[in-house]
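Each remark here refers to the structure printed beneath this line.
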Amino acid sequence: MPATVDGPDFIALQVTDVPAAAAFFEERLGLRRAPASPPGAVVFTTSPVPFAVREPLPGVDLTGDARPGLGVALWLRTSDASALREQLVAAGTQDVGPLSDSPFGPTFSFTGPEGYRLTVHGG
């Protein structure tokens, strides 16, 4: 039988300012740092898939005009999408979209650190 994968096992956003991106995810979304992270990265204790922000890999240039992650959909789960949306708006988060219904519950999108477009769903 051929080898297969079970699904995503780790997600990291490459950013030019790791401390600022980590602060955004901690302060605005409530993520908690893992007890240990490799050099140049901050790993969070997310479940079921670990999430991190990290320095760009060798050969990756994030200074261009293109939006980082274009073509990748990154969805984050919350227990209360409406309340989280209100918190993000109050904190001055960029481009917070309207709350809408989806098969995954209420959703909205916003611009996170360094231009990544993120979507939140749930509750």
Side-chain angles (χ1 to χ4, degrees):
M1 174 166 8
T4 62
V5 297
D6 295 328
D9 192 41
F10 184 76
I11 297 170
L13 297 181
Q14 297 180 76
V15 297
T16 58
D17 189 340
V18 172
F24 178 92
F25 285 105
E26 287 179 305
E27 296 166 9
R28 299 211 184 167
L29 300 181
L31 296 186
R32 303 231 185 267
R33 290 179 188 230
S37 294
V42 173
V43 178
F44 298 98
T45 57
T46 54
S47 177
V49 177
F51 173 75
V53 290
R54 61 157 298 137
E55 295 173 345
L57 293 168
V60 174
D61 180 9
L62 297 176
T63 61
D65 293 336
R67 187 171 47 130
L70 188 61
V72 174
L74 180 55
W75 286 47
L76 306 169
R77 181 181 59 243
T78 182
S79 61
D80 191 336
S82 180
L84 181 60
R85 184 186 176 283
E86 290 176 22
Q87 288 172 211
L88 290 171
V89 169
T93 304
Q94 295 180 6
D95 303 321
V96 178
L99 199 61
S100 61
D101 291 326
S102 82
F104 308 104
T107 66
F108 69 93
S109 296
F110 63 96
T111 300
E114 302 193 23
Y116 283 98
R117 194 71 179 156
L118 306 171
T119 299
V120 172
H121 73 95

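Atom-to-atom distance recorded for Asp101:CG and His121:NE2 is 14.0 Å, nearest 0.5 angstrom. One distance of note links CG of Leu57 with CD of Gln14; it measures 4.0 Å at 0.5 Å rounding. Atoms CG and CD, on Leu29 and Gln87 in that order, are 9.0 Å from each other to the nearest 0.5 Å. The line from CD of Glu114 to OG1 of Thr16 is 3.0 Å long, rounded to the nearest 0.5 Å.
Of all heavy-atom pairs spanning Gly69 and Tyr116, the tightest one is N-CE2, 3.8 Å. Closest heavy-atom contact between Pro50 and Asp9: CD-O, 3.2 Å. Annotation for Arg54 and Val18: closest pair C-CG2, 3.6 Å, computed over non-hydrogen atoms.
Side-chain heavy atoms closer than 4.5 Å link hydrophobic residues (I, L, V, M, F, W, Y) into clusters, and following such links, possibly through other members, connects Ile11 to Val53.
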Show me the side-chain donor-acceptor pairs of residues 41-49 shorter than 3.5 Å, one per line, residues at least two apart or across chains.
| from | atom 1 | to | atom 2 | distance (Å) |
| --- | --- | --- | --- | --- |
| Thr45 | OG1 | Arg32 | O | 3.3 |
| Thr46 | OG1 | Val49 | O | 2.6 |
| Thr46 | OG1 | Phe51 | N | 3.0 |

Output a table of donor-acceptor pairs, distance under 3.5 Å, between side-chain atoms of residues 88-99 and any protein atom two or more places apart or on a different chain; print 'none' if there are none.
| from | atom 1 | to | atom 2 | distance (Å) |
| --- | --- | --- | --- | --- |
| Thr93 | OG1 | Arg28 | NH1 | 2.8 |
| Thr93 | OG1 | Leu88 | O | 3.0 |
| Asp95 | OD2 | Thr111 | OG1 | 3.2 |

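Leu76 places none of its side-chain heavy atoms less than 4.5 Å from the side chain of Leu31. The closest side-chain heavy-atom distance from Thr107 to Ser109 is not below 4.5 Å. Residues Phe24 and Val15 fail the side-chain proximity criterion, which asks for heavy atoms closer than 4.5 Å. Residues Leu84 and Phe110 form no side-chain contact, since every pair of their non-hydrogen atoms from C-beta on lies 4.5 Å or further apart. Between Thr119 and Phe104 there is no side-chain heavy-atom pair separated by less than 4.5 Å.
Under the rule for a salt bridge (charged side-chain N to carboxylate O under 4.0 Å, His left out), the partners of Glu26 that lie at least two apart in sequence or sit in another chain are Arg33.
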